[in-house]
Amino acid sequence: MLSKDELDSLNKLFEDKEPLEVLKWGIEKFYPKIALACSLQAEDLVILDMLSKVTEKPRVFIIDTGRLHQESYDLIEEIVKKYNIDLRIYFPDYKEVEDLVNKYGINLFYKSVELRKACCEVRKVRPLKRALDGMEAWITGLRREQNFTRGRIRKIEIDEVNGGIIKLNPLADWTWEQVWEYINKNNVPYNKLYDKGYKSIGCVPCTRPVKPWEHPRAGRWWWEQNSDKECGLHYREVK
Ligand code: SF4
């Protein structure tokens with residue numbers, strides 16, 4: 001869809017631009033075949049709020065792994081009330097979940113990194129494939145400072161893992177402080193888990209609050225010492 005040269009020039013153009021400009025470009029070029037992947041984290045809500053300013057009915061999808069926090073479900077209700085969105089919720093294939101938990105146990109994720117990733121694969125990555133089916137672009141709330149695996153993400157990428165579609169990361173260069181400044185200034189709904197000490201939000205059994213001195217991602221799969229702390233939705237190389 002975009003050559004490497006085109007991609008490089010676009011990234012050069014947008015690197016110093018505001019996230020809204022990246023979103024405007026994405027909507028103009030791809031709507032309606034562009035959607036926000038909303039994991040109910042602060043960054044996603046910032047983007048959703050911005051999207052509501054550049055398009056009448058943003059397309060949004062949420063992957064419900066079946067193990068989300070009640071606070072995350074409450075937030076879904078809140079955003080449905082506040083924003084005019086075309087929301088789709090994707091669940092994992094029940095047969096795949098049944099096979100996995102009957103073979104390895106209901107809490108298989110605690111047994112090994114491999115089994116934890118197998119759970120993420122079935123409950124997150126495969127539903128993502130369905131969510132992206134027919135899309136030409138998707139939008140994420142990824143930021144470079146979130147994790148060492150994300151330090152080199154670009155605002156516009158070609159997502160080879162998902163069929164070569166475009167992946168937009170409009171907040172790539174934003175800091176945690178900028179995210180919350182936007183939320184507070186614009187009265188954006190947010191996940192109440194942040195008020196309880198969470199800094200990154202995933203599934204109930206795999207996420208815990210962090211201490212002020214801990215890395216924000218320390219609360220994700222906290223029992224893993226040497227893993228990349230990624231679920232597979234984003235950690236693969238993209239150009
Ligand atoms: S975060 Fe935990 S419960 Fe959620 S899909 Fe991954 S391993 Fe499974």
Side-chain angles (χ1 to χ4, degrees), residues 35-52 58-92 94 97 101 106-110 116 119-120 122-125 127-128 131 138-143 145-147 150 170-171 174-224 229-234:
L36 167 66
C38 178
S39 61
L40 302 160
Q41 303 204 66
E43 292 86 347
D44 307 318
L45 272 294
V46 167
I47 293 178
L48 175 56
D49 192 79
M50 287 177 178
L51 270 177
S52 72
R59 295 189 69 176
V60 180
F61 65 85
I62 293 171
I63 295 172
D64 183 348
T65 63
R67 306 289 301 241
L68 299 184
H69 295 80
Q70 184 57 40
E71 288 85 344
S72 297
Y73 293 117
D74 292 344
L75 182 58
I76 296 176
E77 292 280 36
E78 222 179 325
I79 62 180
V80 165
K81 270 187 208 142
K82 181 169 170 117
Y83 298 104
N84 179 33
I85 53 175
D86 175 357
L87 174 67
R88 303 288 161 90
I89 297 181
Y90 289 85
F91 285 88
Y94 79 92
V97 175
V101 299
I106 199 77
N107 284 337
L108 72 163
F109 24 77
Y110 297 134
R116 189 275 284 174
C119 183
C120 288
V122 164
R123 289 182 188 266
K124 290 183 176 183
V125 179
L128 173 72
W138 62 307
I139 308 165
T140 84
L142 294 186
R143 292 182 301 111
E145 70 169 20
Q146 283 170 330
N147 200 4
R150 301 179 180 183
L171 302 184
W174 268 32
T175 62
W176 182 240
E177 289 71 28
Q178 282 176 290
V179 170
W180 283 95
E181 198 182 306
Y182 184 94
I183 287 177
N184 293 328
K185 198 168 158 192
N186 294 279
N187 205 19
V188 175
Y190 65 89
N191 199 315
K192 295 301 176 280
L193 289 170
Y194 290 112
D195 294 337
K196 298 178 184 172
Y198 288 76
K199 282 268 182 70
S200 177
I201 294 165
C203 296
V204 176
C206 302
T207 317
R208 67 157 169 77
V210 291
K211 303 276 187 288
W213 58 85
E214 286 184 303
H215 189 279
R217 274 206 76 93
R220 304 292 295 274
W221 310 288
W222 71 92
W223 63 92
E224 292 180 1
K229 303 264 183 179
E230 292 283 1
C231 60
L233 293 179
H234 301 296

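- Here the shortest heavy-atom pairing between R220 and S200 reads NH1-OG, 2.8 Å.
- I139 is listed as a side-chain neighbour of L51, based on a closest heavy-atom distance under 4.5 Å.
- A donor and an acceptor atom, one from each side chain of Y198 and N191, are nowhere located under 3.5 Å apart.
- Here the side chains of F109 and W221 are not in contact, with every heavy-atom distance at 4.5 Å or above.
- Counting all heavy atoms, side chain and backbone alike, V179 lies closest to A42 at CG1-CB, 3.8 Å.
- Annotation: the span from L193 atom CG to T207 atom OG1 amounts to 8.5 Å, rounded to 0.5 Å.
- Side-chain contact check for V188 versus Y182: some heavy-atom pair is nearer than 4.5 Å.
- Atom CD1 in I85 sits 4.5 Å away from atom CD1 in I79 (nearest 0.5 Å).
- Counted within 6.0 Å of CD on E77, heavy atoms from surrounding residues, nucleotides or ligands total 12 or fewer; the atom is thus considered open.
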Evaluation steps, side chain to side chain contact (heavy atoms under 4.5 Å, CB included), between L87 and I76: CA-CA 10 Å; L87 174 67; I76 296 176; 4.0 Å; yes
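- Without hydrogens or angle criteria, R143 side chain to W174 main chain gives a donor-acceptor distance under 3.5 Å.
- Judged by distance alone, the side chain of R123 and the main-chain N or O of T65 form a donor-acceptor pair under 3.5 Å.
- Shown here for H69 and G202, the closest heavy-atom pair between the two residues is ND1-O, 3.3 Å.
- The nearest pair of heavy atoms linking I47 to T140 is CD1-O, 3.1 Å.
- Annotation: side chain of E71 is not in contact with side chain of Y73 (no heavy-atom distance under 4.5 Å).
- Partner S72 forms a side-chain contact (heavy atoms from CB on, under 4.5 Å) with one of I201, V204, D64 and no other, that one being I201.
- Ring pair W223/Y110: centre-to-centre distance below 6.0 Å.
- With 3.5 Å as the limit, one finds no donor-acceptor pair spanning the side chains of N84 and S52.
- Side chains of Y83 and L48 form a contact here, defined as non-hydrogen atoms less than 4.5 Å apart.
- In this structure, the side chain of K124 does not engage the main chain of V122 through any donor-acceptor pair within 3.5 Å.
- Side-chain atoms of P216 and V210, non-hydrogen and from C-beta on, never get closer than 4.5 Å to each other.
- Remark: R150 does not engage E145 in a salt bridge, criterion side-chain N to carboxylate O under 4.0 Å.
- Counting heavy atoms from C-beta outward, F61 and L128 have side chains that approach closer than 4.5 Å.
- Here L75 contributes atom CG and C38 contributes atom SG; the two are 7.0 Å apart, rounded to the nearest 0.5 Å.
- Of the options E43, Q41, K199, H215, a side-chain hydrogen bond (donor to acceptor under 3.5 Å, both in side chains) to Q146 is made by E43 and by none of the others.
- Judged by distance alone, the side chain of Q178 and the main-chain N or O of T175 form a donor-acceptor pair under 3.5 Å.
- Counting heavy atoms from C-beta on, the side chains of Y190 and D195 come closer than 4.5 Å.
- Summarising the geometry of P205 relative to R67, their closest heavy-atom pair is CG-NH2, 3.6 Å, with the distance given to 0.1 Å.
- We find the CG-CG distance between L36 and D86 to be 12.0 Å, quoted to the nearest 0.5 Å.
- Note that CG of D74 is 11.5 Å distant from CG of L68, once rounded to the nearest 0.5 Å.
- Separating the CG atom in L45 from the CD atom in E78 is a distance of 8.5 Å, to the nearest 0.5 Å.
- Between W180 and W176, the angle of the ring planes goes over 60°, which puts this pair in the perpendicular group of the 30/60° scheme.
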